[in-house]
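A short write-up of the structure that comes next.
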Amino acid sequence: MPDTAHGLRHVEHVMGTVFSFDIRDKPTPAIHRALAEAVRQLHRADAVFSTYRPDSHISRLDRGEIHLDDCPPEVHEVLSLCAQATHVTHGWFSIVPAGVLDPSGLVKGWATEAASQLLYEAGAHHTCVNGGGDLQLRGRATPGTPWRIGIAHPLRPGELATVITARHDLAVATSGTAERGAHILDPHSGTPATAFASLTVIGPRLTTTDAYTTAAFARGEDARDWMEALEGHEALAVLPDGRTWQTSGFSRYGS
């Protein structure tokens with residue numbers, strides 16, 4: 001965990017991806033402890049929620065080997081949040097899109113936001129926690145300078161689709177096909193969603209922003225109207241043919 005008088009950075013391989021912590025506050029013992037606890041909780045989330053681990057609570061719950069009452073409290077919390085997201089998105093967010101229990105469309109954002117909150121409570125008020133490309137931003141990069149986040153263009157390697165400027169606490173989530181192919185399913189048909197090359201959504205909290213990104217990506221052509229009506233969130237889409245669209249308020253953040 002390298003640190004200087006002006007910040008602290010850490011990279012952790014967990015949950016099948018890379019989490020990075022960029023803390024711009026002066027490191028203190030409390031912040032170091034919070035970072036260690038955040039990393040521990042990420043590994044805990046992986047052990048509980050990974051659909052790739054046959055011994056995880058989610059895998060065992062899906063197979064019927066245990067009941068919900070046998071699961072730790074975080075399973076109850078996440079499934080409740082998933083139910084709320086399913087309601088808000090009119091079923092376009094689903095934890096059973098392929099017929100098996102899979103809350104991963106919300107878990108990574110939830111875990112990233114929780115790590116950010118631990119740091120904040122320990123006195124780190126200027127942080128960027130990046131969970132596999134989805135970010136929870138707080139405060140400023142430096143005094144008077146907002147965080148600026150480049151969003152990779154899904155069709156033009158090495159180029160950016162936009163740069164997002166975070167002048168206040170902000171969450172940024174992106175779903176796309178460039179790295180993992182068409183991995184998001186239409187929960188109503190069970191087929192891969194292919195309307196977008198990438199979709200970036202910004203909002204106040206990564207838990208919901210991540211889930212709404214998944215839902216909007218699955219929704220396809222109707223996503224723009226739905227995102228316009230979704231209070232507190234904005235979106236930028238890159239279509240497979242290279243065309244783009246953005247919601248009416250996105251220009252306040254993107255360049």
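Given the structure is predicted, the values throughout are model-derived calculations rather than measurements.
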What distance do [X] atom [atom1] and [Y] atom [atom2] have between them, rounded to the nearest 0.5 Å?
X	Y	atom1	atom2	answer
Leu137	Thr165	CG	OG1	10.5 Å
His87	Phe93	NE2	CZ	14.5 Å
Leu61	Leu79	CG	CG	7.0 Å
Leu118	Arg33	CG	CZ	12.5 Å
Thr244	Leu199	OG1	CG	12.0 Å
Asp22	His10	CG	NE2	13.0 Å

Original post:
Does Val11 sit in a hydrophobic cluster with other residues, and if so which ones, taking ILVMFWY side chains as linked at heavy-atom separations under 4.5 Å, directly or through other members?
Top reply: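 Result for Val11 is Val18.
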Same hydrophobic cluster for [X] and [Y], using side-chain heavy-atom links shorter than 4.5 Å among ILVMFWY?
X	Y	value
Leu170	Tyr120	no
Trp147	Val172	yes
Leu68	Leu101	yes
Phe19	Leu8	yes
Trp92	Trp226	no

**OP:** Begin with the C-alpha distance, continue with both residues' side-chain angles, and end with the deciding distance and a verdict on side-chain contact (heavy atoms from CB on, under 4.5 Å) for Thr200 and Ile164.
**Re:** CA-CA 10 Å; Thr200 297; Ile164 293 174; 4.0 Å; yes
With sequence neighbours left out, which residue pairs that include part of [range] fulfil the salt bridge (charged side-chain N to carboxylate O under 4.0 Å, His left out) condition?
range	result
residues 190-202	none
residues 238-247	Asp241-Arg243
residues 230-239	Glu234-Arg252

Can you find a pair of side-chain heavy atoms, one from [X] and one from [Y], that are under 4.5 Å apart?
X	Y	value
Arg219	Met227	no
His233	Thr247	no
Gln136	Gln117	no
Val39	Phe21	yes
Phe250	Trp245	no
Leu236	Ile151	no
Thr86	Ile95	no
Arg60	His67	no

**OP:** For side-chain contact (heavy atoms from CB on, under 4.5 Å), just list the numbers for His32 and Leu35, CA-CA rounded to whole Å, side-chain angles, deciding distance to a tenth of an Å, and then say yes or no.
**Re:** CA-CA 5 Å; His32 276 283; Leu35 177 57; 5.5 Å; no
Where the side chain of [X] meets the backbone of [Y], is there a donor-acceptor pair that is under 3.5 Å apart?
X	Y	answer
Asp25	His126	yes
Glu228	Ser248	yes
Arg138	Thr127	no

Table please: side-chain donor-acceptor pairs of residues 103-114 below 3.5 Å, with sequence neighbours left out.
| from | atom 1 | to | atom 2 | distance (Å) |
| --- | --- | --- | --- | --- |
| Ser104 | OG | Asp102 | OD1 | 2.6 |
| Ser104 | OG | Asp102 | OD2 | 3.4 |
| Lys108 | NZ | Gly131 | O | 3.0 |
| Lys108 | NZ | Asp134 | OD2 | 2.8 |
| Trp110 | NE1 | Glu77 | OE2 | 3.1 |
| Thr112 | OG1 | Lys108 | O | 2.7 |
| Glu113 | OE1 | Leu206 | N | 3.4 |
| Glu113 | OE1 | Thr207 | N | 3.0 |
| Glu113 | OE1 | Thr207 | OG1 | 2.7 |
| Glu113 | OE2 | Arg205 | NE | 2.7 |
| Glu113 | OE2 | Arg205 | NH2 | 3.2 |

Subject >> Working for side-chain contact (heavy atoms from CB on, under 4.5 Å), residues Ile23 and Ile31 >> reply: CA-CA 9 Å; Ile23 302 168; Ile31 290 174; 4.2 Å; yes
**OP:** Report yes or no: do Arg140 and Thr145 form a side-chain donor-acceptor pair below 3.5 Å?
**Re:** no
**OP:** For Gly144 and Pro146, work out which heavy atoms get closest and say how close.
**Re:**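 Smallest heavy-atom distance, with atoms named: O-CD, 3.9 Å.
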Original post:
Which pair of heavy atoms, one from Ser59 and one from Ser50, lies closest together, and at what distance?
Top reply: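 Closest approach of Ser59 to Ser50: OG-O, 3.3 Å.
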**OP:** Please lay out, stage by stage, how Glu37 and Arg40 fare under the test side-chain contact (heavy atoms from CB on, under 4.5 Å).
**Re:** CA-CA 5 Å; Glu37 176 62 16; Arg40 188 194 70 79; 2.8 Å; yes
Subject >> Residue list, salt bridge (Lys or Arg N to Asp or Glu O under 4.0 Å) with Asp186, at least two apart or on another chain >> reply: none
**OP:** Mind running ring-ring contact (aromatic ring centres under 6.0 Å, His included) on His57 and Phe49 for me, showing each step along the way?
**Re:** CA-CA 6 Å; His57 288 83; Phe49 292 105; 8.5 Å; no
